[in-house]
Structure formats: C-alpha cells, structure tokens
Amino acid sequence: MIVTSLKTMEEIRQGTLLSWPSGLNLDSWAVAWGGRGYGAGDTFLRPYFWNSIKMVVPAVFFSTFIGAMTGYVLTKWRFKGDQWVFLFLLFGCFIPFQAILLPMARTLGVLGISNSVVGLVLVHTVYGIPFTTLFFRNYYVSVPTELVKAARIDGAGFFKIFFKILLPISAPIIVVTIIWQFTQIWNDFLFGSTFSFGEAAPIQVALNNMVLSSTSVKEYNVDMASAIIAGIPTLIVYVLAGKYFIRGLTSGAVKG
Amino acid sequence: MKTLKIEELSKNFGSTEVLRKIKLEIDEGNFLVLLGPSGCGKSTLLNIIAGLETINEGNVFIDDYNVSKVEPKDRNIAMVFQSYALYPSMNVRENMIFGLKQAKTSKEKIEEQLEKVSKFLQVDQLLERKPSQLSGGQRQRVAIGRALVREPRIFLFDEPLSNLDAKLRVEMRREIKKLHQQLKTTVVYVTHDQTEAMSLGTRIAIMNHGVIQQNDTPENIYNKPSNMFVADFIGSPSMNLIKGSLKESSGEILFTASGSNVEIPIKDYEFKDKSNLNNKEIYFGIRPEHIYFKKSNEIDFEINLRANLSEYIGHEQIITFDYANQEILAKFPSTIKIELAKETKLFFDVTQISLFDAKTDERI
Ligand SMILES: Nc1ncnc2c1ncn2[C@@H]1O[C@H](COP(=O)(O)OP(=O)(O)OP(=O)(O)O)[C@@H](O)[C@H]1O
Ligand SMILES: [Mg+2]
C-alpha cells in the first residue's frame with residue numbers, strides 16, 4: 001500500500017504491482033489529505049479527519065469513564081439486583097450494531113442532534129458502555145474489597161474512593177479500554193454512515209465515498225494514501241498506549 | 001460501662017442466616033478473640049461492629065451509645081485486614097495519614113501522630129516507600145500504624161497474620177500482644193488459629209454456624225468447654241470423647257464406656273446439676289495430654305490399654321490406643337518407649353475431665 005501510494009499514476013499503469021516507485025512522490029498524499037483545490041465534487045480527507053477526531057476523543061473518554069464508574073459500582077457497592085444489571089450489560093455486548101440503528105435514529109431525532117458529531121459521540125458512548133463496564137468490572141473484581149472497606153473507615157466517600165484509590169491503580173485496564181474503544185469508534189462505518197452524511201461524516205465514511213465515487217479514472221495511489229491516513233491514528237494509539245500498557249504491568253502497580 | 005455491647009444481633013445474606021442472636025459484651029481494655037471454623041460468620045460480625053455491613057436485627061453499642069446506624073468513620077474504631085488493604089498508589093506516609101486528612105485534622109497534629117506511631121512501629125525509615133516495595137511483615141506494621149494514628153476506642157483485626165509465614169507470624173503475634181499491653185486499648189480480633197487465640201486473648205468467643213458457643217477466659221475455654229463443639233475445636237490433637245454411661249451407686253458416680261466393664265469413679269467433678277445422673281448417656285472427655293504414663297496424682301485412674309499406632313513429632317509422640325473399640329489418643333514425651341500391639345498401663349487424670357450429655361452435647 002505504501003509503495004503504491006508513492007507512485008505516480010503513470011507508473012501504476014505501466015508497472016506491475018510489486019515494482020518500486022521511481023522516487024518519493026508525495027503528490028497523492030497531498031491530494032488525499034487536502035484535495036486538488038477545485039471546488040465542488042472534490043472529496044478529500046482533512047475535514048472528515050477532524051470530524052473523526054472530534055468524535056473519537058470525547059466518545060472514548062466518556063465511554064471509558066462511565067465504564068470505570070459502573071464497573072466500580074458493580075463490584076464494590078453491591079446493591080439489590082446488581083446481578084441483573086450485570087446480566088443486562090452482558091446482553092448489551094451481544095446486541096449487533098444493526099439492532100440499535102432505528103431506536104437510535106429516533107432518539108437522535110428527538111434530541112435534535114442527528115447528523116452531527118455530537119450525535120455520533122452519543123451513539124458510540126452508549127454502545128461502548130457495556131464493553132467498557134465489563135472490562136472494568138473484571139478488573140475491579142480482582143482488587144480486594146478490603147481496600148474499599150479500609151477507605152470507608154478512614155472516612156472516604158463514594159467518589160473519593162473511586163478517584164483516590166481505584167482510579168490510580170487502573171492504568172492497565174484504562175489503556176486496554178482506550179485501545180479497544182478507539183479502534184472500534186475510529187474504524188466504525190455503519191453508525192457513521194447511518195447517522196451522518198455530508199459535512200458531519202467521520203473519516204471512514206469519507207474514505208468510502210472517495211474511493212467509490214471517483215468518477216473518471218481510478219486513482220489507486222490516492223486511494224492507498226487515503227486508506228493509510230485513515231489507519232494511522234489507530235496505529236499511533238497502539239504504539240503509545242502499548243508502551244504504557246507494558247509499563248503499567250511491569251511496575252507492579254496493581255497488587256498492593 | 002461496656003466498651004462494646006452487642007444485643008440480639010442477627011444477620012442474613014438473602015436466605016442464608018449468617019449470625020443468630022449474637023450477644024456479646026466487652027469491658028474496657030480487654031482483648032477479645034473471635035475464634036471459629038471458616039465460614040462461621042466471624043468476619044461478618046467484625047464488619048458489623050465496624051459499620052461496614054448492615055444489621056437485620058439487634059443493636060451495637062460503643063460506650064453505651066447505639067451506633068447501629070452510624071457511619072464507620074464516626075464509630076471511633078480502626079480496622080486491620082488480612083490483605084493489609086494498603087492503598088497501592090500511596091506511599092507509607094500517605095497511607096498512614098489518609099484517615100486523619102479525611103477527618104480534617106490539623107497539619108501539626110497529623111505530623112505529630114505520624115512521627116510517634118511510625119517510630120513506635122519502626123516504620124519511620126519506610127515512609128516514602130510504596131506498599132509494593134515492602135515485605136509482608138512491614139506491610140502489616142504499616143497497616144497497624146494506619147489504625148494506630150486514629151487513636152480509636154476499639155481496634156478490629158480480621159486475621160491480620162494469616163498471610164505471613166510461620167516464623168513471622170509468631171513474631172508479629174508477640175508484637176501485637178506487646179502493643180496491647182502498652183496501649184490497653186480494647187481489641188476484637190478474628191482468627192481461626194487456636195494458638196493465636198489462646199496466646200493473645202483475655203477473652204475468647206468460640207463461634208460456630210453464626211452462634212457464639214462459649215465466651216470465656218482462655219483457661220476456661222481449655223479446661224471447661226461448655227459443649228462438645230468447643231471441646232473438640234480447642235486442643236491439638238483434640239479431646240478424646242468416649243461414649244458411655246454414668247452409674248450412681250452408694251454415693252459414688254461411676255463412668256463405664258460402652259462395650260467395656262471398667263468403671264471409672266468420677267471424683268471432684270463440678271456437676272452443673274447433680275440430679276438424674278444415674279444411667280445417663282454421656283461422653284467422657286479427656287485431653288491427650290491428661291493421660292499419663294506414670295502415676296502423678298493419688299487420684300489418677302489406672303487402666304490398661306492396647307497401643308495401636310505411634311506418631312513421632314519431635315519433642316512429643318502421639319499414641320493411639322484402643323479402649324473398648326473406641327480410639328483414644330495420648331500425648332507423651334518422645335523419651336518414653338511404648339511397645340505397639342501390647343497392653344500398656346496408663347493413668348487418666350480425672351481432675352481434668354469434661355462430661356457431656358450425649359443428647360444435647362452440652363457440658364453437665
Ligand atoms: N456478601 C455476602 N453475600 C452472601 N453471603 C455472604 C457474604 N459475605 C459472607 N457471606 C457468607 O456468610 C458466611 C459467613 O462469612 P464470613 O466471611 O463472616 O465467615 P468467616 O467466619 O470470616 O470465615 P473465614 O474464616 O473463612 O474468613 C459464609 O457462609 C459466607 O459464604
Ligand atoms: Mg473471615
């Protein structure tokens with residue numbers, strides 16, 4: 001893919017798939033990112049890339065945070081019917097995307113945030129909560145409840161215990177959750193294409209439009225560059241978070 | 001005034017009854033050990049005293065003040081846990097002063113307390129370390145320190161030594177004993193280790209299935225168990241319980257084991273109720289350490305039993321004898337030579353026996 005993206009169209013038409021490009025030709029990257037500069041009908045990734053960022057950052061943040069909260073409540077503040085909530089959430093993980101499209105569309109319509117980045121943030125947050133909750137629940141189950149008891153005797157309340165005692169030892173699971181949620185949300189196509197179009201679309205939808213709707217000639221080099229641009233953030237998250245992940249595991253921060 | 005008083009306390013988790021009509025009183029400065037097999041409700045009782053569990057029925061009083069609905073932090077208690085429960089993200093200093101900070105104690109007072117307690121427990125060199133950088137013994141010291149700085153009315157311990165290795169456990173046990181001697185604060189201490197209970201407690205409450213079986217001094221728990229559960233639970237190996245019946249003849253009370261014709265006269269035994277003893281079905285309880293190889297008191301009862309099995313455990317040996325088809329264990333110094341498969345002359349110390357009603361399992 002990288003090789004192809006560096007070729008000119010001329011080279012692609014002549015050469016075989018595996019031949020090397022004549023030089024570093026970044027034109028196709030520029031086109032993919034910034035367009036050719038002639039007005040209507042010119043689709044390029046930059047605005048959609050930012051759409052995606054604006055969508056993915058809050059959605060990952062909220063779904064991770066809420067998941068941590070609910071995971072904490074489910075394991076450390078047992079209440080009547082908590083097993084049912086847990087079962088319900090487990091069930092939530094198995095609901096296919098398609099099943100919640102219609103009810104979601106209605107909800108967004110009622111809230112007046114359909115076809116907007118805010119709407120997508122909401123959709124992804126809600127859909128992600130069962131997963132993030134399960135991640136955190138499974139992590140917090142292994143944290144001794146005596147920790148919470150000790151803190152209660154010391155006079156810490158619900159939120160203080162969460163922020164001062166549990167959250168600081170949650171780095172590994174936060175990283176796992178972020179990787180998972182980021183990958184899911186960034187690469188999502190279905191929600192994006194259903195709940196947004198035109199200007200508010202995230203990058204995956206734009207990429208699809210770009211690749212499929214190119215009218216005249218197939219510009220493989222631009223397509224390849226676009227696909228790579230769309231994939232880079234996930235890669236970055238893996239590399240950065242992966243490092244923290246290992247660090248979190250090896251520093252022995254988990255066990256008291 | 002009782003430092004701690006528990007009245008008719010019951011607790012269930014859903015349909016399982018965990019504590020039943022618990023009654024307990026502790027005088028100021030006492031060291032009460034809750035002892036019982038796993039799952040009998042010791043931790044639940046301790047958590048209720050701390051306010052970490054709700055109550056279904058009954059009340060808890062601290063200094064005559066009903067605390068049944070009071071938050072843990074306001075009960076004037078401190079607790080030390082089996083897993084130490086040190087906050088992993090905080091260093092030793094932060095761990096120890098966390099409670100005081102929550103209580104909005106003044107900076108000077110916090111520093112003063114921290115210095116005093118950390119010196120006292122010899123953790124003043126470790127203040128900047130994280131719990132993960134401490135050994136098990138050090139962690140337990142810090143956990144105790146965290147409880148001490150609060151200067152509570154009552155210390156609650158939930159099996160604080162059971163995560164330590166055997167040697168360290170004995171050391172820490174002595175330190176806790178010293179601590180109590182110096183501070184004289186009231187303690188409630190949960191364990192399922194009877195040696196720990198015996199050596200630490202000024203009072204021991206034996207629990208089984210959510211009921212307190214006996215609440216007494218260590219001496220009485222050992223010498224005068226109030227029922228067969230306590231008799232069997234305390235001591236290692238546990239008390240021999242020989243099935244048989246009593247007979248009253250010409251003012252003397254005699255015990256005969258089932259299937260035997262040897263009559264053992266019961267002398268100097270404090271019966272709770274002297275009536276209706278004739279033909280009573282009972283268990284005759286005698287501890288392995290109260291069966292002697294040499295006669296030591298005039299009153300000792302001489303009996304010939306066949307030795308079947310010998311277990312050597314260093315300074316002692318445990319010999320299994322046959323007594324009318326019932327197994328009897330006896331403990332002797334290992335210097336004594338006993339031949340197996342032969343009749344051996346033994347002496348029962350009848351001043352040390354316990355008798356139990358075979359129907360109710362209660363001491364008579
Ligand atoms: N939160 C809970 N929900 C349901 N049952 C519980 C709960 N906590 C404890 N139990 C049950 O209550 C009983 C008493 O438990 P508890 O922890 O008090 O026992 P324990 O005497 O401390 O035992 P151990 O020596 O093993 O610590 C057990 O049968 C246990 O399964
Ligand atoms: Mg317990």
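First the proteins, then the strands, lettered A, B, ... as listed; each starts at 1.
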- Task: May I ask you to check whether S68(B) and N66(B) show a side-chain donor-acceptor distance below 3.5 Å?
- Result: yes
Using residues 98-107 of chain B as the side-chain source, report each donor-acceptor pair under 3.5 Å to any protein atom, sequence neighbours left out, with the distance given to one decimal.
unit_1  : atom_1 : unit_2  : atom_2 : d
T105(B) : OG1    : L100(B) : O      : 2.8
S106(B) : OG     : K109(B) : N      : 3.3

- Message: Heavy-atom cut-off 4.5 Å, strictly under: side chain, backbone, both or neither for R75(B) against chain A?
- Response: neither
- Output the option from L147(A), L166(A), I153(A) having the highest count of non-hydrogen pairs under 4.5 Å with chain B. I153(A)
- Message: What I want to check is whether the side chains of Y189(B) and E159(B) have a donor and an acceptor closer together than 3.5 Å.
- Response: no
- Query: By a 4.5 Å heavy-atom criterion (distance strictly below it), what part of D74(B) contacts chain A: side chain, backbone, both, or neither?
  - Reply: neither
- Task: Indicate, with yes or no, if the rings of F162(A) and W77(A) have centres closer together than 6.0 Å.
- Result: no
- Option that, when pairs with chain A are counted at under 4.5 Å, heavy atom only, ranks first among Q82(B), Q133(B), E71(B): Q82(B)
